[in-house]
Number of protein chains: 2
Amino acid sequence: MLQLTKRTEYGLIALVHMVDRRGDFVSAREISETYQVPRRLLAEVLKDLAKHALVDSQRGATGGYCLVRPAEEITVGEVVAALEGAPKLAGCETLEASRAGGECDLEPSCPIRSPLQRIREGIWRQMQRTTLRSLVEPVFHITNLKHVDPESTLI
Amino acid sequence: MLQLTKRTEYGLIALVHMVDRRGDFVSAREISETYQVPRRLLAEVLKDLAKHALVDSQRGATGGYCLVRPAEEITVGEVVAALEGAPKLAGCETLEASRAGGECDLEPSCPIRSPLQRIREGIWRQMQRTTLRSLVEPVFHITNLKHVDPESTLI
DNA sequence: TCGATTGGGCACCAATCTGGTGCTAATTGA
DNA sequence: TCAATTAGCACCAGATTGGTGCCCAATCGA
């Protein structure tokens, strides 16, 4: 259905919540109560983000999570990749790299290269260009990229 | 998993196959054999496309399907909407329209408007700007939209 | 007229994904 | 020690997805 999962949604909400609060650790409970998100599931998500080195985690009474890098350096693409795995651009692209030039017999519609593949690539590129910062302050995204037609920005 | 369905993939493949062949009807069998796609499923997809007036269908021995409009006028967004339903931009957006101005209590993270919503909107806009033609000849898309940074085109 | 070929409708299925929960252990500050 | 927190693992019900079976309806050519 072309949709990101709830996991990703919760992850992004949590990350946005932590923007510009580096240093102090925010607990999963605080986030879950603030945005009415299932705590256990959110914890699962944050754990994954920690595994992928997008957040630091600390146990104990005053523990919690905080961003590892500034919001300008974290892309939506990274978050999605961490929480649902990088979109498999299977077929041609991957084969291209591995066997350099041979015909592709795995992807049946290869000669044309499946339209869906191309669309997925496009979406993927967009997400890799969209930072956490631009989610917090959309204006940032547009004003800092004047040469890009605002109409065509992801957000 | 942020992915379009196989149905959509098959639909796009079929539509691309029919580009610039208005007039003669292409059978589901021909397409399925050309691209090694399950015939019955493809038929189901084409039926939906016909229902949404994206293709004409004709029964009988020499029947099949053909595009209703030229490839420049059919957008990927339309195809996706036909085959998997328009992405529900639930919550704020829809409520905004219906009750004009009240607080949104359905979408918990509403005050911030869920980051995921925004991303979804961006993707959706992109798909609505991407035509079938640009899937056939990517060059078309870029050269005809010179004011858009090529980096930011969907395809 | 008859048969072959095509799309249309409906039901159905197995596998997978998704959202979510329970429980217990380990860590840490007060 | 106690309370709060993250970590790990298993588990579950429901929805979605990809795909198939079967028969009917239309249409064309012989």
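These figures come from a predicted structure and were not determined experimentally. Reckoned from all heavy atoms, side chains included, excluding hydrogens, waters and symmetry mates.
Contact record, B:Thr75 with B:Gln128: CG2-O, 3.4 Å, taken as the closest heavy-atom pair.
Straight-line distance from the CD atom of B:Gln3 to the C1' atom of D:dT17: 9 Å, rounded to whole Å. Here C:dT6 presents its C1' atom at 13 Å from CD1 of B:Ile31, a figure rounded to the nearest Å. As a whole-Å value, the separation of B:Phe25 CZ from D:dC28 P is 10 Å. Regarding B:Lys47, its NZ atom lies at a distance of 16 Å from the P atom of D:dC24, rounded to whole Å. Look at CD on A:Glu44: it is 15 Å from C1' on D:dT5, rounded to the nearest Å. Atom CD in B:Glu33 sits roughly 12 Å away from atom P in C:dT5 (whole-Å rounding). The distance between atom NZ of A:Lys6 and atom P of D:dA15, rounded to the nearest whole Å, is 15 Å. Rounding to whole angstrom units, CG of residue A:Asp56 and P of D:dT5 are separated by 18 Å.
Not counting sequence neighbours, the partners of A:Glu73 by the side chain to side chain contact (heavy atoms under 4.5 Å, CB included) test are A:Arg69, A:Pro70.
Listed nucleotides C:dG20, D:dT20, C:dG7 differ in distance to B:Pro38; the shortest reach to its side chain belongs to D:dT20. Side chain of B:Arg29, nearest nucleotide from C:dG19, C:dT6, D:dG8: C:dT6. With C:dG9, D:dG8, C:dG20 as the choices, the nucleotide that has an atom nearest any side-chain atom of A:Tyr10 turns out to be C:dG20. Residue B:Tyr65 places its side chain closer to C:dG7 than to any other of C:dG7, D:dC9, D:dT6.
Place A:Lys51 and A:Gly63 on DNA chain D by their nearest nucleotides, and A:Gly63 ends up nearer the 5' end.
Within the structure, every side-chain polar atom (N or O) of A:Arg7 is placed at least 4.0 Å from both OP1 and OP2 of C:dT18. A sub-4.0 Å separation between OP1 or OP2 of C:dC17 and a side-chain N or O of A:Thr5 is absent.
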Tabulate protein N/O versus nucleotide N/O from nucleotides 24-28 of chain C, keeping only pairs under 3.5 Å, one per line.
{"from": "C:dT27", "atom 1": "O4'", "to": "A:Arg59", "atom 2": "NH1", "distance (Å)": "3.3"}
{"from": "C:dT27", "atom 1": "O2", "to": "A:Gly60", "atom 2": "N", "distance (Å)": "3.2"}
{"from": "C:dT28", "atom 1": "O2", "to": "A:Ala61", "atom 2": "N", "distance (Å)": "3.1"}

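Under a 4.0 Å N-O distance rule, the pair A:Glu121/A:Arg118 does not qualify as a salt bridge.
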For residues 42-52 of chain B, please give each side-chain donor-acceptor pair under 3.5 Å, one per line with the distance, not counting sequence neighbours.
{"from": "B:Glu44", "atom 1": "OE2", "to": "B:Lys47", "atom 2": "NZ", "distance (Å)": "2.9"}
{"from": "B:Asp48", "atom 1": "OD2", "to": "B:Arg7", "atom 2": "NH2", "distance (Å)": "2.2"}
{"from": "B:His52", "atom 1": "ND1", "to": "B:Asp48", "atom 2": "O", "distance (Å)": "3.0"}

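A:Thr8 contributes no side-chain N or O that, together with a main-chain N or O of A:Leu4, makes up a donor-acceptor pair within less than 3.5 Å.
As judged by a 4.0 angstrom heavy-atom cut-off over every strand, B:Ala50 is placed among residues making no nucleic acid contact.
B:Val55 and B:Val136 fall within a single hydrophobic cluster, where Ile, Leu, Val, Met, Phe, Trp and Tyr are joined by side-chain heavy atoms under 4.5 Å apart, directly or via other members.
Judged purely by distance below 3.5 Å, without hydrogens or angles, the side chains of A:Thr131 and A:Glu72 never pair a donor atom with an acceptor atom.
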